[in-house]
Structure formats: structure tokens, C-alpha cells
Amino acid sequence: MTRQQVVERSGVPLEDAIRLWALLGFAHVEDDEVVFTEADVDALEAAQELVELGILSAERQAALVRTWGRSFARLADWQTSLLATVAAESGADAEETVAALAAEVVPRVEALQTYVWKRHLVSAGSRRLASADTTTAAGPAAPLTVVFVDIVGYTSRSKSLSEDELVQWIETFEDETTALVVAQGGRIIKNIGDEVLFVADDARAAVDTALELCRRGAEEDDPFPEVRAGIAHGETVRRLGDVYGETVNIASRLTSVARPGAVLVDRGAYHALTGEDGHGDQDSDVHPDLTFHRLRRLSVKGYSRLAAWAVRPRG
């Protein structure tokens, strides 16, 4: 179908349909191009029904659709690259092999993606209900421990690696970090090149995760890269799977000034761990296996006198 036929079938105004397709990141098409299918009609009708049901306002619809577009575009790019690699390694005709693989793979991937989404939907819904009393217009604002973990010397190291080696290096970092974060009850928010952002409800779990990642990065025989981490605890705003606010900013700033292999925590995280407001090197009776070293106040972007502690395993 043409786009005009799609909007006539769906009952959605052409202007609204074009806006939705643009937010999803789809390429612009002319009126006479026959590139749409019945699935496009169904999608427009579903989007319109969500608005009519009051589930989505125009603003929220735009934010949600834009997030879908970015997320699935990245996922689709990775999946097609994987299929192309398999086709190239098979030695057969690439186009035919990709088409054959897609016919077998796509239905299974679609089913798995739906399964993963539903599992995460249940978990996210449970967390929302638990923090319903702190909901704001932008999203639930609740105390969270926010952690950035950054690869040390990424730029210089990446120059010495081939493309395949660089991909393998980054994937090792992301895979191992994700596994440890999830095992400790945390949640990955996003990977940002050489950096991972994750959150945890429990400050001690967040610190343990960061310390273990730094320990692994210090081992010469471990392929895991050398890292550093910044941790802050306080109220954060959650929106469309991301986190915002001063707590996130502070965690990022601490990471930028941490030495290789170091884990820095802000006053909020220090208080959550020790129960102390923080004056000097006050170790905790609650966590006697950790030591806390008060740093001189840091001057970083947006914060001229930021209180911070370096946390280490005792001994």
C-alpha cells in the first residue's frame, strides 16, 4: 500500500502518521511509493486506540515512540550484522543465506523479544507499585543508588586494537558487568560506549558490585578491562527506562575524577552505608569489612566542593 492508503484504512490523519513514522526513525517515503503493509495499518490503529483510551497523551506518545525507535533501530542493526557475519562465514551466497536465516530466525527472535519484554514489564510494574507514594509528573522519584563504571584508558587502548578485537573487548566488559550487576540485584540502565550506568535499591550491593569489577580489572590475567567507579545515593527521577537528577550527575562526576581501580562514593551513599553524616575517616560498624577514606573536597563541573570517600575492602 501507499501511505495514503494506510491512513485511509486506519483512520489516522496523514500528519499524525507521518509524525509517528518520523519518531520511530523510519525513512521518509513519497505518496506514490508502495512500501506499506497490513502491519502498518494495525500499528497506526493501535497507537490511536492508546491515545483514545487515555493511556498516552500526545507528549507521552512522542517520548515513548521515540524511545522505541532508537532502541529497536540499534537492536535491528546488531541482529542484521550478526546474520551477515554468519552468512559470510558460511561461504555461500550472502544474500540467499541471509534471506534463509531470516526466515528461520525472525519468528524465534520475535517470540523471545516479547517474552523478555513481558518479564521486564512485570518487574518494572512491581517496582512502580512499591514506590507509588513518590510518583511525580516526570516519573517516580525515589531513593536509588546510582553507579557509573568507566573503562580506564579506553581511547589509547582502542587505537591498538583491530575492529574485531575492540568489539570483543567491549562485549566482554558489557557482558561481565551485566552478569554481576544482575546477580547483585541491580539493574543496567544503559551502556555508553566505554561506560556502564546501573542502579540498585541497596547501597551495599552497589558498592560490592563496583569493588568486584575494579578487582577484576586489576588482575593481569583477567581479560576484563581496568575500570573505576563513582557511586551516589539519593532521589532520582525515572523516565522511559532512564534515570535523571542530581544523584545521577554526582555519580558521573565522581567517576570522572576517580583513579584507576578506585570506587568513590558521595555523602548520600556514605550515609546509606554507615548511618554517619561524614566527617573524616569514619569506618562503619555496620560494614566492618569496608574502609572509608575521606577525600579533600572535589571541584568538578557543577560542584565546587563535592564531598567524597574512597571505599575499599578492609585488608
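The structure displayed is predicted, hence computed values, not measured ones.
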Side-chain ion pair, Arg187 and Asp201, N-O less than 4.0 Å: yes

With Ser158 via side-chain contact (heavy atoms from CB on, under 4.5 Å) - residues at least two apart: Tyr154, Leu166

Under the side-chain contact (heavy atoms from CB on, under 4.5 Å) test, residues paired with Gln5 that sit two or more places apart: Met1, Thr2

Transitive ILVMFWY cluster of Val116, excluding itself - 4.5 Å side-chain cut-off: Tyr115

Exercise: identify the closest heavy-atom pair between Gln184 and Ala205: O-CB, 3.5 Å

Option passing side chain to side chain contact (heavy atoms under 4.5 Å, CB included) with Arg312 (candidates Thr291, Leu290, Val263): Thr291

Residues in side-chain contact (heavy atoms from CB on, under 4.5 Å) contact with Asp16, at least two apart in sequence or another chain: Val12, Pro13

Arg296: side-chain hydrogen bond (donor to acceptor under 3.5 Å, both in side chains) partners, not counting sequence neighbours: none

SB check Arg204 Asp208 (cutoff 4.0 Å): yes

Mind listing the side-chain donor-acceptor pairs of residues 33-44 below 3.5 Å, one per line with the distance, residues two or more places apart or on another chain?
residue	atom	partner	partner atom	Å
Glu33	OE2	Glu30	N	2.7
Thr37	OG1	Ala39	N	3.2
Glu38	OE1	Arg9	NH2	3.0
Glu38	OE2	Arg9	NH2	2.4
Asp40	OD2	Thr37	N	2.8

With sequence neighbours excluded, residues passing side-chain hydrogen bond (donor to acceptor under 3.5 Å, both in side chains) with Arg228: Asp150

Where at least one partner belongs to residues 167-176, residue pairs that pass salt bridge (Lys or Arg N to Asp or Glu O under 4.0 Å), sequence neighbours excluded: Glu176-Arg216

Within the 6.0 Å centroid threshold, strictly below: Phe292 and Trp309: no

Set of side-chain hydrogen bond (donor to acceptor under 3.5 Å, both in side chains) partners for Arg215, sequence neighbours left out: Glu212

Where at least one partner belongs to residues 177-225, residue pairs that pass ring pair (Phe, Tyr, Trp, His ring centres under 6.0 Å), sequence neighbours excluded: Phe173-Phe224

Separation of His233 NE2 from Tyr270 OH (nearest 0.5 Å): 15.0 Å

Hydrophobic cluster of Leu197, others only, ordered by chain and residue number, side-chain cut-off 4.5 Å: Leu144, Val146, Phe148, Ile189, Ile192, Val199, Val243, Val248

Glu246, CD atom: more than 12 neighbouring heavy atoms under 6.0 Å: no

side-chain contact (heavy atoms from CB on, under 4.5 Å) against Ser162, all qualifying residues, sequence neighbours excluded: Asp164, Glu165

